[in-house]
Every structure is written in C-alpha cells, then in structure tokens.
Amino acid sequence: MLLAHCYFLSCAGSTWASSALVHAFLQGQSVQCQQLTGVLDDCLCDIESIDDFNTFKIFPKIQKLQERDYFRYYKVNLKRPCPFWADDGHCSIKDCHVEPCPEEAFIDWARYDDSQDHFCELDDERSPDAQYVDLLLNPERYTGYKGPSAWRVWNSIYEENCFKPRSVYRPLNPLAPSRGESFYTWLEGLCLEKRVFYKLISGLHASINLHLCANYLLEETWGKPSWGPNVKEFTRRFDPIETKGEGPRRLKNLYFLYLIELRALSKVAPYFERSVVDLYTGNGHEDAESKALLLEIFRDTKSFHMHFDEKSMFAGDKKGAKSLKEEFRLHFKNISRIMDCVGCDKCRLWGKLQTQGLGTALKILFSEKEIQNLPENSPSKGFQLTRQEIVALVNAFGRLSTSIKELQNFKVLLQRTR
Ligand SMILES: Cc1cc2nc3c(=O)[nH]c(=O)nc-3n(C[C@H](O)[C@H](O)[C@H](O)COP(=O)(O)OP(=O)(O)OC[C@H]3O[C@@H](n4cnc5c(N)ncnc54)[C@H](O)[C@@H]3O)c2cc1C
C-alpha cells in the first residue's frame, strides 16, 4: 500500500537528499504525496527526526505531565451559545457528554488564581458558566459527530478565517460546487504568514480526525464499549489515493503544527524558570514535582535542532507587519468563537482546548522580547499566562504528540494488513 510509505517522507525537504528522495518517489507514483514549494520547504524539519524525538523524548514525559492534577483539570465554558447560527449539531453516541467536576473542590485554586496579577483577557474563565472538567475522564475520541453540522463548523473556520476569497474552493469540500483544483496555486501565492495560518488550522483538523480514527468505537457489547484504532477509517481519511493526495498533505500540516507548538514551548521556558511562578494545586510537594517535569520538557524541546524559525514571520515593513499580526490575532479569536458552534460537548471541549493551546503558542512566539525581559522576583508585567492557558498549551501539545505516535502505530498496522 502506498500509504505507509507516503506519510513518512520528509515533511519539508530541508536537505537535498530528502528532496531528491521525495521527488524520486513522486515520479514513481501516480499520486502526488507531497508538494515541495515555498519558504516552508526550507524549514529544517524531516519527519523521521520528529518521530524519533517525539517517541523517545517528548511523548512519555508529556503524558506523565498531563496526568498531574494541575494539568488534568481544565476550566471551560461549554454553555456559551453559538454566536453565528442556531445550534444544529448532535452526536450519534452517548459518549459525547462531558461531566464537569463539583465546583467546591476548586475554591482554593480559584482563590489562589484571583490573587495573581492579570493583564490578559479572562474570557471563559470568569464566566459563571465555566466549569472544571477532568480531561482524563473525558478523552478525545470518536463521538459520531459528523455530517452537515460538523462540515459547517470546519467550513466556516476555513472560509471566513483563512484569508481565503470565496471563489477559491478547498479540495474535496463537501459543501462546495467545485473540486478545488486552483486551491494550491492560490495557497502558494500567499505570503508566508497567511499560508502558515491555513497550515495550522489544517494540521489541527488532521490531528482531531486522527484521534477519532485511533480511538474509534469498535463495538459495544452489553453496553460495554470497546475502543481502538480503525484502519479503514484512517485509510478513508488519509490514504493518498482515496483522498487524491490530500491525506498526506494534511498530515504534513500536522507535523508543521507540532513544530510550531514545540518552538513555543522552547521559547516560554524563561517564564516558568522564575521562582515566582508555581503550578499551584495546594500540595507543595506535587506542585514542585510538576514544575520540575515541565522544566525538563522545556530542556528537551530546546535540544531539538530543527526548529521552525518564526523570525521570518511578520518580518516585513513595521507597519505592514503590525497590521498583519493584528489580523492574525483577530482571525484566531474568531475561530475560538466558532468553537462554541460545535454541536457535541466533548468535541467542543477538545476543540476549545486545542485552539486555546495554539493561541497561547502563537502569543508566546510573538512575545519573545517580553519573555526575555521578565523580572525574576516580581509580577509578570508585559507577559503573563493564566492557569487555563498553561493547561491548554500543555494538553494541546500533548494531543499533537499523541497524534504523531498514533500515526506511527497506523503505519505498523497498515504494513501488517498488506
Ligand atoms: C472542532 C471540532 C472538533 C471535533 N472533534 C471530534 C471528536 O472529538 N470526535 C469525533 O468523532 N468527531 C469530531 N469532530 C468531527 C470530525 O472532525 C469530522 O467533522 C467528522 O468525523 C466528519 O468527517 P468528514 O470525513 O465528513 O470530513 P471533515 O473532517 O468534517 O472535513 C470536512 C472537509 O474538510 C476537508 N478536510 C478534512 N480534513 C482536512 C484537513 N486536515 N485540512 C484541510 N481540509 C480538510 C475535506 O474537504 C473534508 O471533506 C469534530 C469536529 C469539529 C468541527
């Protein structure tokens, strides 16, 4: 099967060797697996290095971190109505429901958080409808949320927020009249920043769909569900032939998103290294351990030598760069609001968390100076992260790390079924 080979080629052709490999591969296949164009092709990343780094360094540690109390409880408002259209979605299985934690358990956390200085918008967190959710008890997996409601959400994210004119259709879009032939010509013609934006969203979309394939409801006997990888579903979504080359492109975007969030983690280390920042849960010993593990992960992220260089973004003339940055921010904010239109609670929970995590990563990447200038022992003026942002950042990256691990597992499963 073509699939197993295609996924694991170089993501960007950073070296002549990998470009040549991909090129030779493409020439030998009727399906176009990778498109090697534009500045991003020069980012120093190859998929094998990311896979190894993720499997051996990041994945085991980030999993451990996600199990710690500070990171497993996420405060979120799942009751905010969709600001764009009347709610029309639902899931096909009962597993979509999210059970919040009792509020009393977190009074102490809220008191602590309130005593901290805040310079950023506390949107969802301050809402009386916001509740703590135990992420370990509500894992992201197949929910059966699909069809026009899900398409509408994805469509509106891409159509209204990816700098795209309406006349350009995305490939294979079930809601569009054309097959999207001109899409990639349009995308390659964009400036780097706008192209990056599209790739991030597409990478997130690929990650969510990969999780639902990896954690699929395989059967239910006597009310007892059995979850596991569904190779058929994975093939339908990512096989180069079945998706006319789109699947591998989307997976490439997943790797790109991983690199962006990895870069953000390596940049935010100085913020957490300061003694004034702790990961408060009320248990001093646990909190110190959580912080030590987080700092260890930061050290690992710094040791990765193929980082995406965000300096090439917003590097044009000062005025243009500033307005582009603002546009970027607003589009991203809008995507967060669209998440309130997701018609399945569990999908909404993880959709919100992962967009907030990515938003936090971008905030970090564009605050390098502020982070470097933070005082060691006084409040974080100039740059600050809330508990919710920190939890979202770590868990969103944890999801990507898991996606990459799951992808490797599918590769093995596909080889076995050959
Ligand atoms: C925010 C959000 C969270 C979700 N979370 C879950 C979940 O936790 N569990 C669950 O079972 N379902 C979830 N869903 C639904 C899931 O993402 C799919 O929408 C659903 O399974 C239907 O899939 P589909 O094959 O029809 O295509 P969709 O994934 O709905 O995609 C619609 C169209 O977008 C294009 N497309 C697909 N992937 C990409 C990509 N990576 N890049 C660019 N374009 C792409 C294709 O043209 C495709 O036909 C979620 C949906 C949303 C909007």
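Interatomic distance, D340 CG to N77 CG, rounded to the nearest 0.5 Å: 7.0 Å. Here the CG atom belonging to N334 is positioned 12.0 Å from the CZ atom belonging to R329, to the nearest 0.5 angstrom. Separation of atoms NZ (K333) and CD1 (I338) is listed at 13.5 Å; rounding is to 0.5 Å. Considering CZ of F397 and CD1 of I62, their distance stands at 6.0 Å, rounded to 0.5 Å. Taking CG of N173 as the start and CH2 of W151 as the end, the distance is 9.0 Å to the nearest 0.5 Å. A distance of 11.0 Å separates CG of L365 from OG1 of T360, quoted to the nearest 0.5 Å.
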- Are K346 and E140 close enough, and set up right, to give a salt bridge (charged side-chain N to carboxylate O under 4.0 Å, His left out), and what steps lead you there? CA-CA 7 Å; K346 201 175 269 178; E140 187 188 21; over 6 Å; no
- Task: Any chance you could lay out the side chain to side chain donor-acceptor pair (under 3.5 Å) test for E181 and Y169, step after step, and finish with the verdict?
- Result: CA-CA 8 Å; E181 292 86 352; Y169 296 109; over 6 Å; no
- F234 and D239: CA distance, side-chain angles, deciding distance, side-chain contact (heavy atoms from CB on, under 4.5 Å) verdict: CA-CA 8 Å; F234 177 77; D239 178 83; over 6 Å; no
- Check the pair I157 / M339 against side-chain contact (heavy atoms from CB on, under 4.5 Å), numbers first and verdict last. CA-CA 9 Å; I157 290 174; M339 287 297 154; 3.8 Å; yes
- Query: Could you go step by step and tell me if L293 and K64 meet the side-chain contact (heavy atoms from CB on, under 4.5 Å) rule?
  - Reply: CA-CA 9 Å; L293 184 54; K64 251 192 184 166; 3.9 Å; yes
- Item | Residues I404, Y258; criterion side-chain contact (heavy atoms from CB on, under 4.5 Å); working and verdict | CA-CA 9 Å; I404 286 180; Y258 180 91; 3.5 Å; yes
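T355 contributes a side-chain N or O that, together with a main-chain N or O of K352, makes up a donor-acceptor pair within less than 3.5 Å. With E406 contributing its side chain and A214 its backbone, the two residues share no donor-acceptor pair below 3.5 Å. In this structure, N283 contributes its side chain and E286 its backbone to a donor-acceptor pair below 3.5 Å. No donor-acceptor pair closer than 3.5 Å links the side chain of W227 to the backbone N or O of R141.
Side-chain contact between Y70 and L65: absent, with no pair of heavy atoms (C-beta onward) separated by less than 4.5 Å. Using a 4.5 Å heavy-atom cutoff, the side chains of T235 and E242 are in contact. Within the 4.5 Å cutoff, side-chain heavy atoms of F410 are placed close to those of C213. The side-chain heavy atoms of K199 and I260, taken from C-beta on, include no pair separated by under 4.5 Å. N155 is listed as a side-chain neighbour of R170, based on a closest heavy-atom distance under 4.5 Å. Using a 4.5 Å heavy-atom threshold, the side chains of D300 and I58 count as touching. By the 4.5 Å heavy-atom criterion applied to side chains, Y132 and P102 are not counted as neighbours. Two residues are said to be in side-chain contact when any heavy atoms from C-beta on lie closer than 4.5 Å; F53 and I50 fail this criterion.
The two residues C347 and T143 make their nearest non-hydrogen contact at SG-OG1, 3.2 Å. When all heavy atoms of S403 and L210 are compared, the closest pair comes out as O-CD2, 3.3 Å. Across all their heavy atoms, L218 and P229 have their closest contact at CD2-O, 3.8 Å. Taking all atoms of both residues into account, the shortest heavy-atom contact from G357 to A396 is CA-CB, 3.8 Å. Nearest heavy-atom pair, L362 versus L200, reported as atom, atom and distance to 0.1 Å: CD2-CD1, 4.1 Å. Residues R250 and L172 approach most closely at NH2-CD1, 4.2 Å, considering heavy atoms.
Taking the charged nitrogens against the carboxylate oxygens, K363 and E389 do have a contact shorter than 4.0 Å, which makes a salt bridge. A salt bridge is defined here as a Lys NZ or Arg NE, NH1 or NH2 lying under 4.0 Å from an Asp or Glu carboxylate O, and R72 with E67 fails to meet this definition. Using a 4.0 Å cut-off between charged nitrogen and carboxylate oxygen, K405 and D51 do not count as a salt-bridge pair. Between K61 and E296 there is a salt bridge, since at least one side-chain N of the basic residue sits less than 4.0 Å from a carboxylate O of the acidic one. Salt-bridge annotation for D129 and R80: absent, with no side-chain N of the basic residue lying under 4.0 Å from a carboxylate O of the acidic one. Between E233 and R237, at least one side-chain nitrogen of the basic residue sits less than 4.0 Å from a carboxylate oxygen of the acidic one, meeting the salt-bridge criterion.
Ring geometry for F366 versus F328: interplanar angle over 60°, hence perpendicular rather than tilted (30 to 60°).
Side-chain polar atoms of Q356 and S336 form no donor-acceptor pair below 3.5 angstrom. A donor-acceptor pair shorter than 3.5 Å can be found between the side chains of T281 and D287.
The distance between the ring centers of Y198 and F256 does not fall below 6.0 angstrom.
Remark: SG of C341 is found under 2.5 Å from SG of C82.
Contacts classified as ring-ring contact (aromatic ring centres under 6.0 Å, His included) and involving residues 204-225 (residues at least two apart or in different chains) are given here: Y142-Y216, W154-H205, Y158-H205.
Here F298 pairs with F272 under the ring pair (Phe, Tyr, Trp, His ring centres under 6.0 Å) rule; sequence neighbours left out. The side chain to side chain donor-acceptor pair (under 3.5 Å) check on D345 picks up nothing, with sequence neighbours excluded.
Judged by the 6.0 Å and 45° rule, R249 forms a cation-pi pair with Y184.
When each of K291, R68, R387 is paired with L279, the side chain to side chain contact (heavy atoms under 4.5 Å, CB included) condition holds for K291 and for no other.
Within a 6.0 Å radius of NZ in K322, other residues, nucleotides and ligands contribute 12 heavy atoms or fewer.
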